[in-house]
Amino acid sequence: MPDGTVKPFISGYANTGLPNLWRVLPGDIPNRSVHDVRAALLARREVALLDVREEAPFAEAHPLFAANMPYSAIETQAAQRLPRRDVPIVVYDDGEGLARRAAHRLRALGYVDVCLLAGGLAGWRRAGGELFRDVNVPSKSFGELVESQRHTPSLSAEAVQTLIDARADVVILDARRFDEYNTMSIPGGISVPGAELALRIKDLAPDPRTQVIVNCAGRTRSIIGTQSLVNVGIPNPVAALRNGTIGWTLAGQTLERGQSRRHDHGVAQAWHADAQTRARRLADRAGVARVSLAHAFQQCADRTCYWLDVRAPEEYARRHLAGFANAPGGQLVQETDHVVAVRGARIVLVDDDGVRANMTASWLAQMGWDVHVVDDAPPVDEWPFAEVAPAPPCAEHVPQDRWVDGTTLAAWLDDPAVASALRIIDMGSSAEYRKHHVPGASHVRRANAPALARLLASAPHVTRVVLTSSDGALAAFGWSDVVEALRAWGVGAAVYVLRDGSRGWTQAGEGLTAEAPDWVVEPTDRYRRPYEGTDNPVAAMQGYLDWEYGLVDQLARDGTHGFKVLAAE
């Protein structure tokens, strides 16, 4: 040492142990009680309650503020959704054996405060905790609470059809993402995602006598969009399309397909200034805080913070401020659990117009979030051009001799002796696999690696397994799970990872296919919403609406939500 003293040497083979940096023995994962988690939620202390099952079983039953972070994709999601490494994390499953694996993975990623929910989902149920169905439940239940307290105006599908048939002075604004609108829409509707409504309304309905109708697929975004326009005080009559495209379909009315009508990006200058004032006043009433851009990143050293740009994706793709991720405001209010996984965290929003961030913040604050808006962002033409997207996270545990490039894999497939003993497994999302994949690839998620091992145990001729996914990341992180599962089943096949996945395959000059899928296990990574697509059963759509109507009562029974709906001025 510089002062002449000598530090005691502690050998990795000595009996003297290193100091224990964990609160329990290394490798052990402590439990955290349901009572303690509920107490944190009630006190708005930070907690990330993570359901590590696939999305479909998650949607069947989960606590209100649980965030779905499937074990199959945990490394690719954790950094963005859990930005602070010492955030309190509580992990659970429903007895599938995924929670402890996920907890160890999180620790390996550097998270130091990871616990298991005592008893898992069953423990939550036994303790009297309320369980919710579907996805984005905090937002959907909040929307129902807003309607119940503010009596948000609405019109039935039949009433709106009558207005259309009479060629009345009416404008129909679809508050969903553009891709949802493009799939199916109300006749004559225009795509205006939720955060854009207050900013664009005067360009879309300059005559104060024009009836404004806001719709979504079901209820939430139409309620929030309509109430946004009511809250900023536009003079037009405004109403939500009751039950959205589901209600339209149940009424036996025809939807349009493949439409591309969108709002103009221009904003009338006189209204812009007025909208800024109105949105700012509304945000102030909701308790939204202010922060300068210079201090936006300095205030969160000891807590989880999410820095989000609420503009449209195409605007963000052109220019954005460093450190801010894109989360279009309407979808952020709709999908808080997808973006902000830590309940009790701080959210910092930015835009280039002074309207969208304040409108979004006004809703998030009512949902119990600590929200700040950047007040002094420079003009957008001074924002940096978008940087190159970062490379996917790297799985450093895969040995170098277990990576294979697209050219080599193609050569293997061209050799009949090798090809007959080769199995390609896509470990990406089932949606991407359906869309296109390496020819001949079967599909299984990492959570189901034992099922793959069971299958290969009955195929002793398979001596090589190549794992792939869209960019290779999910396959690489699943490599060790597959190797472990094969070893447990006595399968001696060598396991490789296709470098860069499907992208590496195409870069080698090879083509992808959309051939009929080959599922090792029927996929559960995507929950089919009853309001998406064009072929939903009537019973499922009606059941979904009935479920939404019951959410306010569920909120009351749960008691942890902390929602406070602003009264009318």
Side-chain angles (χ1 to χ4, degrees), residues 31-53 55-69 88-94 99 115-150 152 218-221 223-224 286 332-345 347 363-371 527 529 543-566:
N31 286 331
R32 188 167 177 182
S33 70
V34 172
H35 173 79
D36 191 36
V37 173
R38 283 182 53 85
L41 292 171
L42 289 167
R44 299 194 189 181
R45 296 193 304 269
E46 285 193 21
V47 62
L49 180 59
L50 303 183
D51 187 318
V52 295
R53 299 172 295 165
E55 188 182 72
F58 164 80
E60 291 298 319
H62 57 84
L64 177 62
F65 287 115
N68 184 216
M69 189 178 294
I89 299 172
V90 182
V91 179
Y92 76 89
D93 61 19
D94 195 21
C115 297
L116 299 174
L117 180 66
L121 186 66
W124 186 275
R125 185 185 292 109
R126 285 194 300 270
E130 188 74 10
L131 293 177
F132 291 77
R133 290 175 48 216
D134 208 77
V135 293
N136 309 136
V137 174
S139 301
K140 292 174 181 178
S141 55
F142 173 70
E144 294 299 317
L145 187 66
V146 169
E147 188 195 46
S148 72
Q149 294 191 10
R150 294 298 306 274
T152 305
R219 295 174 53 79
T220 309
R221 285 171 287 184
I223 292 170
I224 297 299
L332 176 58
V333 175
Q334 171 76 2
E335 300 177 341
T336 51
D337 55 323
H338 279 184
V339 181
V340 186
V342 180
R343 186 62 174 167
I347 303 171
W363 289 118
L364 294 176
Q366 292 176 70
M367 294 176 72
W369 293 99
D370 173 17
V371 193
Y527 164 65
R529 283 80 166 154
Y544 175 78
L545 295 176
D546 294 342
W547 165 78
E548 283 198 301
Y549 298 144
L551 282 172
V552 173
D553 289 340
Q554 273 204 279
L555 281 181
R557 292 196 298 269
D558 177 76
T560 64
H561 60 83
F563 299 156
K564 293 183 180 178
V565 179
L566 278 182

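Here the structure is a predicted model, which is why all the values come from computation and not from measurement. For the single chain, residues carry numbers from 1 onward in sequence order.
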Heavy-atom distance under 4.5 Å between the side chains of [X] and [Y], does that happen here?
X	Y	value
Phe142	Thr336	no
Leu131	Leu121	yes
Lys564	Gln366	no
Pro57	Asp94	no
Ile347	Asp370	no
Trp124	Val37	yes
Arg38	Pro63	no
Gln554	Leu551	yes

Heavy-atom closest pair, residues [X] and [Y]:
X	Y	answer
Tyr92	Gly120	CB-CA, 4.1 Å
Gly143	Ile223	O-CG2, 3.5 Å
Ala341	Ala67	CB-CB, 3.9 Å
Val34	Gly123	CG2-O, 3.7 Å
Gly119	Arg126	CA-NH2, 4.0 Å
Ala59	Val135	CB-CG1, 4.1 Å

task: If the plane angle is over 60° it's perpendicular, under 30° parallel, otherwise tilted; pick one for Trp547 and Tyr544.
output: tilted
task: Verify side-chain contact (heavy atoms from CB on, under 4.5 Å) between Phe58 and Val52, making sure each step is shown before the conclusion.
output: CA-CA 8 Å; Phe58 164 80; Val52 295; over 6 Å; no
- request: Would you tell me whether Asn136 and Asp337 have side-chain atoms, one donor and one acceptor, within less than 3.5 Å of each other?
  value: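 Yes, side-chain donor-acceptor contact under 3.5 Å.
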Can any side-chain N or O of [X] pair as donor or acceptor with the backbone N or O of [Y] at less than 3.5 Å?
X	Y	result
Arg53	Asn68	no
His338	Leu332	no
Asp93	Ala99	yes

query: Does the salt bridge (charged side-chain N to carboxylate O under 4.0 Å, His left out) test come out yes or no for Arg133 and Glu60, once each step is laid out?
result: CA-CA 5 Å; Arg133 290 175 48 216; Glu60 291 298 319; 5.4 Å; no
field: Passing option when Leu41 is tested against Thr560, Asp36, Asp558 for side chain to side chain contact (heavy atoms under 4.5 Å, CB included)
entry: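 Filter result, single survivor: Thr560.
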Once you round to the nearest 0.5 Å, how far does [atom1] of [X] lie from [atom2] of [Y]?
X	Y	atom1	atom2	value
Ser141	His561	OG	NE2	8.0 Å
His62	Phe132	NE2	CZ	8.5 Å
Ile224	Arg219	CD1	CZ	11.0 Å
Cys115	Leu49	SG	CG	11.5 Å
Leu116	Arg32	CG	CZ	12.0 Å
Asp51	Leu117	CG	CG	10.0 Å

- request: Inspect the contact between Lys140 and Glu548 and indicate whether a charged nitrogen and a carboxylate oxygen are less than 4.0 angstrom apart.
  value: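 No, no charged N to carboxylate O under 4.0 Å.
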query: Is the NZ or CZ atom of Arg343 both under 6.0 Å from the centre of the six-membered ring of Phe65 and within 45° of that ring's axis?
result: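 Yes, cation above the ring, under 6.0 Å and within 45°.
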task: Assess Arg44 against Trp369: is NZ or CZ under 6.0 Å from the centre of the six-membered ring, and within 45 degrees of the ring's axis?
output: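 So Arg44 doesn't make the cation-pi contact.
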- prompt: Please walk me through it: do Val342 and Val47 pass side-chain contact (heavy atoms from CB on, under 4.5 Å)?
  reply: CA-CA 6 Å; Val342 180; Val47 62; over 6 Å; no
